[in-house]
Amino acid sequence: VDFAPAPEQVELRRELRAFLVEPAVQEEIARMRECPRGTEPDPTAIYRRLGERRWFAVNWPEEYGGQGRSLYDAAVVSEELHWHDVPDTMHTVTADIVGLFLLLAADPDQKRRFLLPMARGELLVSVLYTEPEAGSDLSSLRTKAFRSGGGYLLYGTKVFSLRSHSSHYGLCAARTTEGPNPQHGITLFLVPLDAEGVTIRPLWSIADERFDEVVLDGVRVGEDAVVGPVDRGWQLMSGALQLERTGVEQSFKARRWLDLVIRRAQETGRLTDPTIGAAIAELDAEVEAGRILAWSVLSRITHNQLDAAAAAMSKWYSSELVRRIAALAVELDGVTAMLSRWDPDAPLHGFAESLYRDAPGMTISAGSSEVMLHIVASAGLGIPEEVTSRTSG
Ligand SMILES: Cc1cc2nc3c(=O)[nH]c(=O)nc-3n(C[C@H](O)[C@H](O)[C@H](O)COP(=O)(O)OP(=O)(O)OC[C@H]3O[C@@H](n4cnc5c(N)ncnc54)[C@H](O)[C@@H]3O)c2cc1C
């Protein structure tokens, strides 16, 4: 793998940076930074501007609103958004998770109807996979879809869905056929979130971002809401999840947050403190290692060499690293690190407090650390499942 950025990536980064410091964009970013406690920043105005320049989904084919560029270029866009404080959750979910899924599985009509407005940053789509009793083991999901009047009726409860309350559709996994093999009989649907029978309730977490519980009580969708083959959604979901677990997002967040720790250590004169300085130096090397792991996973995907173990390793490595960076951020300021961004005395707008609450979720979303280690053990090292699943003895 050649880790030096290609000239077109250097140019893309330069153009993005110029865009993100334009006064109108900076004004939007400042408005979001100052959003009152209990409210969420709304990045949709910036998303639409990105869409106008075909940057929102830069790696999608041109006919669907992208620029037909590489996954590396898409990673550059996400990095720059994060590094410039543009909330990127809905961008990641819509463009990198659902969009990628639709590119793989949707029919031409669905691609036209959904991908174009998504690439313009106008249509946001959330993910409705997890249920109260089905998370890591998603194949045990219980949401059901019954055939009815030329379409389907959906019943079930989804949890931990990010930003469903501000999305237009949800990509929902539901059971269409019961049988002895739980992985058979799952189908994917695009569900309009303003449809009759949909109830969205907040699920608060320790992090700033709100989750939703989405109850589907007899939600009617047409045949054209089905994405991919009926009953065979599991294979599609597993394939798409592997593409999601590159570790890229976790690695660029690790970079940004360690940079803030370094800035704070400089401000407080503690960079030369042997304990803090040594800890920072070690983490800095690990952040770079995480970046190399993540970009090498991207390189394999680009060359059609999907490697589940390498992707799981990368995701595990950088998400666990973020937790250690958060711990150091708190250690650096002691008790004042616990001041939130609404407190005028909070160091660097309360980044340590926010990071400390945000970090644990990164080791759970898109597959928990334990599950990542299972994949490394089984797919990477060939250790049989019955050994990796043993919890004692
Ligand atoms: C930040 C964030 C964003 C998310 N966004 C979405 C979203 O938009 N849409 C959506 O549908 N879901 C979303 N989720 C949910 C996420 O996919 C699930 O939380 C995750 O799959 C884990 O499922 P669970 O919470 O049910 O935990 P469980 O699967 O019940 O796991 C509980 C604990 O047991 C461990 N465990 C589970 N199985 C094993 C095993 N075989 N061996 C060893 N340990 C095991 C896990 O590691 C974990 O520590 C999000 C979660 C987070 C934290």
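Note that these values count all heavy atoms, side chains included, but never hydrogens, waters or copies made by symmetry. Just follow the structure's listing: the first ligand is 1, and inside any ligand the first atom is 1.
The shortest N or O to N or O distance between Ser365 and ligand 1 is not under 3.5 Å. An N or O contact shorter than 3.5 Å is missing between Ala366 and ligand 1 by distance. For ligand 1, the polar-atom distance check against Glu370 finds a nitrogen or oxygen pair separated by under 3.5 Å. For ligand 1, the polar-atom distance check against Ser368 finds a nitrogen or oxygen pair separated by under 3.5 Å. Checked against a 3.5 angstrom limit, the closest N/O atoms of Phe160 and ligand 1 fall inside it. Backbone and side-chain nitrogen or oxygen atoms of Ile364 are examined, and none is located within less than 3.5 angstrom of a nitrogen or oxygen of ligand 1. Inclusion of Asp137 in the set of residues having an N or O under 3.5 Å from an N or O of ligand 1 is not warranted.
Ring-plane geometry between His82 and Phe252 is classed as tilted, the angle between the planes lying from 30 to 60 degrees on a 0 to 90 degree scale.
Two residues are said to be in side-chain contact when any heavy atoms from C-beta on lie closer than 4.5 Å; Arg53 and Arg49 meet this criterion. Looking at Leu216 and Val198, their side chains come closer than 4.5 Å, going by heavy atoms from C-beta outward.
Atom 23 (O) of ligand 1 has its nearest heavy-atom neighbour, among Gly367, Pro132, Gly361, Gly135, in Gly135. Considering each of Ser136, Ser140, Cys172, Ser369, the one bringing a non-hydrogen atom nearest atom 22 (C) of ligand 1 is Ser136.
Residue contact check: Ser161 has heavy atoms under 4.0 Å from atoms 7 (C), 8 (O), 9 (N) of ligand 1. Counting the atoms of ligand 1 from 1 in the order shown, those under 4.0 Å from a heavy atom of Tyr129 are 11 (O). The distance from ligand 1 to the heavy atoms of His374 drops below 4.0 Å at these ligand atoms: 40 (C), 41 (N), 42 (N), 43 (C). Near Val127, meaning under 4.0 Å from any of its heavy atoms, are these atoms of ligand 1: 7 (C), 8 (O), 9 (N), 10 (C), 11 (O).
Partner Tyr152 forms a side chain to side chain donor-acceptor pair (under 3.5 Å) with one of Arg220, Lys144, Arg147 and no other, that one being Arg147.
Under a 3.5 Å cut-off, the side chain of His91 and the backbone N or O of Tyr47 do not form any donor-acceptor pair. A donor-acceptor pair is defined here as one N or O able to donate and one able to accept, closer than 3.5 Å; such a pair exists between the side chain of Thr176 and the backbone of Gly185. A donor-acceptor contact shorter than 3.5 Å links the side chain of Asp212 to the backbone of Ser164. Looking at Arg270, its side chain does come within 3.5 Å of a backbone N or O of Leu332 through a donor-acceptor pair. The backbone N or O of Val226 lies less than 3.5 Å from a partner atom in the side chain of Gln110, making a donor-acceptor pair.
Not a single heavy atom of Ser126 sits closer than 4.0 Å to an atom of ligand 1.
Between the side chains of Glu131 and Thr143, a donor-acceptor pair is found at a separation under 3.5 Å.
Contact annotation for Lys158 and ligand 1: no heavy atom of the residue comes within less than 4.0 Å of the ligand.
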